[in-house]
Amino acid sequence: MTYRVTTLEDVPFSDIHACFAQAFFDYAVQSAVMSEVALQRRALKNNFLPQCSAGAWSGDQLVAISLTGVDEVGGEKRGYDICTGVVQAHRSKGLAGQLLATLLGGLKREGAQAFQLEVLQPNQAAIRAYEKGGFTVTRSLVSHAGQVGSASVSAAGFRVQPVELSDLVSLSTQLDFEPSYEQRDSALAYLADELILLGALADGTCVAALAFDPETNCLMRLVVHRDFRHRGVARALLGMLGRRLMHGTVVRAVNIDKRDDATRQLMLSCGLAETIWQYEMRLEL
């Protein structure tokens, strides 16, 4: 069978979503239920560039896609794999490699210095394929999920209240590990009007904050100034978040760096169990 591989410029997003739904129906993480609006929202949050993305066609049918975002992170222009999927009947035909070759050409034209992605750790076949293509593992990421509870939790000396995105971003220097691409500052900025933003103030200064996306029930970021840690501030923020959410809401805390023992233990102590382990992988361009 002969395939035609192109960028996704001028391809209607409805066609992209239809291919996505078919390609991900049997994926370990149930992505296929994502609506077209939700997928488009995720794509735009990650600065989706059709000219740096690729699709494979069998006749006039789109049977494989690779959506790519491009943004500057830490002074470096990076490409990011938003999603790559192949419809089941067209797998094991080398399409993933053809998609990658096409989108890498777009990334180089765009001036990107690196391309990164996340892959489920049990998916050893994909990991080996990426390593063969020049990718290296940069770190392990773990996700948690559960109900945070709505009990009133106080932190002596702090006032917990809604804050602005600027208050959260001002604490970026206090992060011990770089947020994943999906939780970078510009992703938060794109979602700013939709996020629940809570902070803890000491003498009028925001010393801790979280961002929660109620559309996906995703905890996008939680950061506490180093001088104010181990005082119950993070737990107080999560307690206030729990009181803001509908009873039974499952909160997802995604892509926590494996080395971030403090945040991982906090999630476990608040009832959020480990769910997914991924590798972050990177290809230098």
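The residues of the chain are indexed from 1 along the displayed sequence.
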Query - Polar side-chain atom of His90 near backbone of Trp57 as donor-acceptor pair, under 3.5 Å - result: no
Query raised in the report: Does CD belonging to Gln161 count more than 12 external heavy atoms closer than 6.0 Å?
Result: yes
Name each donor-acceptor pair under 3.5 Å that joins a side chain in residues 116-125 to protein atoms two or more places apart or in another chain, with its distance.
from   : atom 1 : to     : atom 2 : distance (Å)
Gln116 : OE1    : Arg78  : NH1    : 3.3
Glu118 : OE1    : Tyr80  : OH     : 3.0
Glu118 : OE2    : Tyr80  : OH     : 3.4
Gln121 : NE2    : Ser140 : OG     : 3.3
Gln121 : NE2    : Gln278 : O      : 3.0
Asn123 : OD1    : Ala126 : N      : 3.3
Gln124 : NE2    : Gln121 : O      : 2.8

Report summary line: Here the pair of heavy atoms bringing Arg139 nearest to Arg259 is CD-NH2, 4.3 Å
Query raised in the report: Nearest heavy-atom pair of Ile82 and Gly69: which atoms, and what distance?
Result: CD1-N, 3.6 Å
Query - Nearest non-hydrogen partners of Thr275 and His144, listed with the distance - result: OG1-N, 3.8 Å
Requested in this report: Kindly say whether Gly79 contributes a backbone atom to a donor-acceptor pair with the side chain of Thr68 at under 3.5 angstrom?
Outcome: no
Query raised in the report: Any idea which heavy atoms bring Gly199 and Leu237 closest together, and the distance?
Result: C-CD2, 3.6 Å
Report task. Indicate whether the side chain of Gln183 and that of Ser180 have a donor and an acceptor atom separated by less than 3.5 Å. Result -> yes
Query - Pair Asp213 + Arg252, salt bridge at N-O below 4.0 Å - result: no
Report summary line: Closest heavy-atom pair, Val254 versus Ser143, reported as atoms and distance to 0.1 Å, is CA-OG, 3.3 Å
Requested in this report: Over all heavy atoms of both residues, which pair between Ala192 and Leu165 is shortest? Give the atoms and the distance, please.
Outcome: CB-CD2, 3.8 Å
Query raised in the report: Is there a salt bridge (charged side-chain N to carboxylate O under 4.0 Å, His left out) between Lys45 and Glu215 once you walk through the steps?
Result: CA-CA 13 Å; Lys45 178 195 77 166; Glu215 180 69 25; over 6 Å; no
**Report entry** Heavy-atom donor-acceptor pair, Tyr181 side chain to Asn46 backbone, under 3.5 Å
**Finding:** yes
Report summary line: Applied to residues 265-285, the ring-ring contact (aromatic ring centres under 6.0 Å, His included) test, sequence neighbours excluded, yields none
Query raised in the report: Would the number of heavy atoms belonging to other residues, nucleotides or ligands and lying under 6.0 Å from CG of Asp227 be above 12?
Result: yes
**Report entry** Side-chain donor-acceptor pair present, Arg42, Thr216, cut-off under 3.5 Å
**Finding:** no
Identify each donor-acceptor pair in which a side-chain atom of residues 102-114 lies under 3.5 Å from a protein atom, sequence neighbours left out, and give them as a table.
from   : atom 1 : to     : atom 2 : distance (Å)
Thr102 : OG1    : Gln98  : O      : 3.1
Arg109 : NH1    : Gly105 : O      : 3.4
Gln113 : OE1    : Lys77  : N      : 3.0

Query raised in the report: Between Glu280 and Thr138, does any side-chain donor sit less than 3.5 Å from a side-chain acceptor?
Result: yes
Query raised in the report: Sub-3.5 Å donor-acceptor pair from the side chain of Arg91 to the main-chain atoms of Ala23, do we have one?
Result: yes
Query raised in the report: With the threshold set at 4.0 Å, does a side-chain nitrogen-carboxylate oxygen contact exist between Glu76 and Arg282?
Result: yes
Report task. Could you tell me whether the side chain of Ser35 and the main chain of Ala38 form a donor-acceptor pair under 3.5 Å? Result -> yes
